[in-house]
Amino acid sequence: MIGNIKDIRETDVKGKNVLLRCDLDVPLKEEGDKAVIADDTRLKSWLPTLEYLLSNQANLTIVGHLGRPNGRMENFSLRPVADWLASQLELHNEITPFSKNGFDGWKVEKNVFLLENLRFYKEEEENDKTFAEKLSKGCDLYVNDAFAVSHRNDASVVAITKFLPHFAGIRLQEEIKNLSAVITNPKRPLVVVIGGAKIETKLPMVEKMHKLADYVLVGGEIAEQDQVLMKVAHEKTEGVKSELLIGELLSNRKDITEDTIEKFLQTIYQAQTIVWNGPMGLFEEGFEKGTKDIAEGISKTSAFTVAGGGDTISFLKEHQILHKFAFVSMGGGAMLNFLAGENLPGLEALVD
Ligand code: 3PG
């Protein structure tokens, strides 16, 4: 039990049909004519829950989303995740297509099924109750092990809990425990670094973090929103104690400038706690200097360091810096929301 959320290990799962919501939102890359997983850190995060359930003889239907497709788009298919899962379970048989309650997917093992990307159905992001009920058919209980999507009001995260007894997976509990420790009396100065491209998710977070941190450093695509950010910086909101540093971008807008890197590093070197989400530039197009210098700078400090989010994780892993962080959260937006003290709909829904 964590707070009022039940731990899946507190109930008998033997012979039960479990609907397992996982973080399946991973970066893909082309290999020949095939899409393969570029970084499987998020997938590995829920393996302890999967192993626990399988060793206790549960039957699994794994569900999740990949990216932000607009309807059914084959390049957002979870087929590469089905292949990955088969290799993790050391299966040598071909995985086979399967369908249940109108959902298609794959049979990976006799008691392990994976459903196709739930965001192929608009009802998922509408938190549609009928959709959630259909998803629950034939299942006995629901486990959320997808912290990274717990800030979304999606059917497989929220509405589903109306139809099945619900529990937290092992990873979800670890996220709650570690991130709670960051907000309970953090060592200061507390520096939050926010970058990346999901403007509508991140902008409100800059404002919220402004209230928690001593310094908020903003780079990446959201630094382009300087008008909005300046407004946040100058608003004398009650309780705001931090300084907001808005990064300057190169003329091509693809990375932060050398001056910004230097200014950010000066602040980072004073920090006792550092939280980082989102790259400083378009590293996937080769504009990686800002992100790399900031990552290396953070990793050299003796501060308590936390990084989170799909792109951030995959960058740190590629540059062998990931292990230098004290805690790596699978969530980007979810981590920032949690640290800002917001109620996450997916966690609220698990509370009885
Ligand atoms: C993430 O990558 O942060 C999660 O998978 C949530 O994705 P979303 O921002 O598209 O809802």
Side-chain angles (χ1 to χ4, degrees), residues 20-29 37-46 62-73 75-78 80-81 84 114-128 131 144-160 169 171-172 175-176 179 192-206 208-209 220-222 275-279 283-284 306-317 322 327-340 342-349:
L20 177 59
R21 195 2 169 139
C22 293
D23 277 341
L24 307 179
D25 194 13
V26 285
L28 299 178
K29 63 179 183 200
I37 291 157
D39 173 28
D40 64 359
T41 310
R42 276 187 166 173
L43 304 180
K44 284 187 168 147
S45 75
W46 45 265
I62 298 170
V63 292
H65 77 276
L66 176 67
R68 296 176 167 181
N70 192 2
R72 186 171 279 265
M73 296 165 78
N75 48 336
F76 288 92
S77 170
L78 283 174
V81 174
W84 177 91
L114 170 72
L115 298 191
E116 183 54 287
N117 193 345
L118 290 181
R119 286 195 180 169
F120 282 178
Y121 311 90
K122 66 177 183 9
E123 293 89 341
E124 164 68 355
E125 287 179 277
E126 290 169 353
N127 195 26
D128 187 285
F131 178 82
N144 182 349
D145 212 22
F147 177 75
V149 77
S150 292
H151 61 317
R152 299 294 183 215
N153 221 2
D154 290 355
S156 66
V157 178
V158 178
I160 190 71
R171 176 69 202 188
L172 189 89
E175 292 271 357
I176 297 174
L179 295 178
V192 176
V193 186
I194 304 180
K198 288 182 177 174
I199 311 254
E200 69 294 352
T201 311
K202 304 284 178 71
L203 265 182
M205 282 303 108
V206 173
K208 282 175 186 144
M209 285 299 162
E221 221 175 285
I222 54 164
V275 175
W276 179 25
N277 167 248
F283 71 86
E284 61 281 22
V306 178
D311 290 336
T312 312
I313 293 172
S314 93
F315 182 87
L316 291 172
K317 196 169 170 197
L322 193 65
F327 181 65
V328 178
S329 170
M330 295 304 121
M335 173 184 79
L336 294 177
N337 271 279
F338 188 94
L339 294 176
E342 295 288 296
N343 288 330
L344 272 55
L347 302 187
E348 292 270 285

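Start at 1 and go down the list; that is how both ligands and their atoms are numbered.
The backbone N or O of Asp39 sits nowhere less than 3.5 Å from a side-chain atom of Ser314 that would complete a donor-acceptor pair.
By the 6.0 Å contact criterion, CG on Asn75 is enclosed, its count of non-hydrogen atoms from other residues, nucleotides or ligands being greater than 12.
Taking a heavy-atom cut-off of under 4.0 Å, ligand 1 is surrounded by Asp25, Arg42, His65, Arg68, Arg119, Ala148, Arg152, Lys198.
With contacts defined as side-chain heavy-atom distances shorter than 4.5 Å, the pair Leu28/Phe76 does not qualify.
Atoms OH and CZ, on Tyr121 and Phe131 in that order, are 6.5 Å from each other to the nearest 0.5 Å.
For the side chain to side chain donor-acceptor pair (under 3.5 Å) test, no residue two or more places apart in sequence or in another chain qualifies with Ser150.
The existence of a salt bridge linking Arg171 and Asp23 is excluded, since no basic side-chain nitrogen approaches an acidic carboxylate oxygen closer than 4.0 Å.
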